[in-house]
S.K.: 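First the structure, then my questions, so here it is.
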Amino acid sequence: MKIGVFGTGMVGQVIAEKLDSLGHEVMLGTRNVQQSLAREEKEGAGRPALKSWMAAHPKIAIGTFAEAAAHALLLVNATSGSGAMEALKAAGDANLNGKAMLDISNPLDFSKGFPPSLTVCNTNSLGEELQRAFPELKVVKGLNTLTCFLMVAPRQLPGEHHIFLCGNDAAAKQEVRKLLSTFGWADNEMIDLGDITNARGTEQLLPIWVRLYGTFQDPMFNFRIVRAQKPG
Ligand SMILES: NC(=O)c1ccc[n+]([C@@H]2O[C@H](COP(=O)([O-])OP(=O)(O)OC[C@H]3O[C@@H](n4cnc5c(N)ncnc54)[C@H](OP(=O)(O)O)[C@@H]3O)[C@@H](O)[C@H]2O)c1
């Protein structure tokens, strides 16, 4: 499938290389292709700079956000929380309308250091803001509550553990579930919370996620939801 991945950072790269390995036609979206390829500093977690990473993945294309959206039948948003709205605006309604978008972004504000705070919460969320601004785009919030290294390889942790999906469009959520099952997620590990307002809940997991990360000094953990056995 033709998939557009917005974001050239660590998450965009990890998702794109997984999709590429599964045979999808992937295009990364960025603000300015030349400037992004000229970046010399390594990406997060010591990953290679974009240009050398692209050289190691010759089938992955790169374009502007508009080009990546035009290319895609399915979209993934892995931009920073502060840049997500601008990225979607740059992609343009015509290239977004009618498509499903898995939105991994989190509204984190690192301006006062670690741990970050949320720029939007309680009665609103970034997922909802994106959905409101682009009503014809089918936003599915998901994968935002664990490290990208587990998003694409959940079996690295022992036993059952969970991710959360929410969005207004049932068919779009189904499309995302199907894709994530090819990453290794079992059906019962993908918990559908309902409509996009539930992004308030999953984005507000980030304050505890970042503290667990600070405590463990290791991102390779996830949430496991344990429920009581039903009688009978
Ligand atoms: N790190 C994880 O494992 C993890 C886990 C769960 C969720 N997340 C979420 O995933 C997202 C991506 O994280 P990341 O660490 O890979 O990258 P990041 O540094 O948070 O974001 C990088 C991307 O955001 C774009 N961007 C930044 N400012 C922008 C602006 N003003 N307008 C348009 N685009 C803008 C950049 O565009 P250019 O390409 O043009 O530079 C780049 O593609 C974040 O929202 C993060 O909270 C991360």
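Just so you know, ligand 1 is whichever comes first in the structure, and atom 1 is the first atom listed for that ligand. Small disclaimer: the values here were computed from a predicted structure and weren't measured.
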S.K.: Could you tell me whether Lys99 and Glu175 have a side-chain N and a carboxylate O separated by less than 4.0 Å?
M.R.: no

S.K.: Nearest 0.5 Å, please: how far is CD in Glu128 from CZ in Arg132?
M.R.: 5.5 Å

S.K.: Looking only at non-hydrogen atoms, find the nearest pair between Leu130 and Ser105 and report the distance.
M.R.: CD1-OG, 4.5 Å

S.K.: For atom 43 (O) of ligand 1, decide whether some protein heavy-atom distance is shorter than 4.0 Å.
M.R.: yes

S.K.: What protein heavy atom is closest to atom 36 (C) of ligand 1, reported as residue, atom name and distance in Å?
M.R.: Arg31 NH2, 3.8 Å

S.K.: One thing to verify: whether Lys59 and Glu25 come together as a salt bridge, which I'm taking to mean a side-chain N less than 4.0 angstrom from a carboxylate O.
M.R.: no

S.K.: Going only through I, L, V, M, F, W and Y residues with side-chain contacts under 4.5 Å, is there a path from Ile60 to Ile62?
M.R.: yes

S.K.: Below 4.0 angstrom from a heavy atom of Gly81, which ligand 1 atoms are there? Numbered from 1 as shown, please.
M.R.: 45 (O)

S.K.: Does any part of the side chain of Leu146, heavy atoms only, come nearer than 4.5 Å to the side chain of Ile163, both counted from C-beta?
M.R.: yes

S.K.: Could you check atom 3 (O) of ligand 1 against the protein and tell me its nearest heavy-atom contact, residue, atom and distance included?
M.R.: Cys148 N, 2.9 Å

S.K.: I'd like to know if Leu102 and Leu150 are part of one continuous hydrophobic network [Ile/Leu/Val/Met/Phe/Trp/Tyr, side-chain heavy atoms within less than 4.5 Å].
M.R.: yes

S.K.: Mark up the atoms of ligand 1 that fall under 4.0 Å of a heavy atom belonging to Arg39, in ascending order.
M.R.: 41 (O)

S.K.: To the nearest 0.1 Å, how far is atom 15 (O) of ligand 1 from its closest protein heavy atom, and which atom is that?
M.R.: Val11 CG2, 4.3 Å

S.K.: Side chain or backbone, does Thr8 bring an N or O within less than 3.5 Å of an N or O on ligand 1?
M.R.: yes

S.K.: How far is atom 33 (C) of ligand 1 from its nearest protein heavy atom, and which residue and atom is that?
M.R.: Gly83 O, 3.4 Å

S.K.: Return the closest protein heavy atom for atom 12 (C) of ligand 1 as residue, atom name and distance.
M.R.: Ala78 O, 3.2 Å

S.K.: Counting heavy atoms only, which of Val5, Ile104, Thr30, Leu146 comes nearest to atom 39 (O) of ligand 1?
M.R.: Thr30

S.K.: Could you check Thr8 against Arg39 for side chain to side chain donor-acceptor pair (under 3.5 Å), going step by step and ending with a plain yes or no?
M.R.: CA-CA 11 Å; Thr8 55; Arg39 279 200 309 250; 2.9 Å; yes

S.K.: Below 4.0 angstrom from a heavy atom of Ser105, which ligand 1 atoms are there? Numbered from 1 as shown, please.
M.R.: 45 (O)

S.K.: For Met151, take its heavy atoms, then give the atoms of ligand 1 lying under 4.0 Å from any of them.
M.R.: 5 (C), 6 (C)

S.K.: Tell me yes or no: between the side chains of Asn144 and Glu203, is some donor less than 3.5 Å from an acceptor?
M.R.: no

S.K.: Tell me the protein heavy atom at minimum distance from atom 24 (O) of ligand 1, and give that distance in Å.
M.R.: Ser80 N, 3.1 Å

S.K.: Please could you name the atoms of ligand 1 that Phe65 approaches to less than 4.0 Å, counting only its heavy atoms?
M.R.: 33 (C), 34 (N)

S.K.: So, Asn168 and Asp195: side-chain donor and acceptor under 3.5 Å apart, yes or no?
M.R.: no

S.K.: Please identify which atoms of ligand 1 are closer than 4.0 Å to at least one heavy atom of Gly9.
M.R.: 16 (O)

S.K.: Centroid-to-centroid, Trp185 to His161, below 6.0 Å?
M.R.: yes

S.K.: Without placing hydrogens or testing angles, list every side-chain donor-acceptor pair under 3.5 Å for residues 223-232, not counting sequence neighbours.
M.R.:
| from | atom 1 | to | atom 2 | distance (Å) |
| --- | --- | --- | --- | --- |
| Arg224 | NE | Glu160 | O | 2.4 |
| Arg224 | NH2 | Pro158 | O | 2.7 |
| Arg224 | NH2 | Glu160 | O | 3.1 |

S.K.: Would you mind checking which non-hydrogen protein atom is closest to atom 45 (O) of ligand 1, with the distance to 0.1 Å?
M.R.: Thr79 O, 2.7 Å

S.K.: Please report which non-hydrogen protein atom sits nearest to atom 1 (N) of ligand 1, along with the residue it belongs to and the distance in Å to one decimal place.
M.R.: Met10 CE, 3.2 Å

S.K.: Can you figure out which of Leu150, Ile15, Asn106 has its heavy atom closest to atom 46 (C) of ligand 1?
M.R.: Asn106

S.K.: Which atoms of ligand 1 sit under 4.0 Å from any heavy atom of Thr147?
M.R.: 3 (O)

S.K.: Considering the heavy atoms of Glu86, write down every atom of ligand 1 situated less than 4.0 Å from one of them.
M.R.: 31 (N), 32 (N)

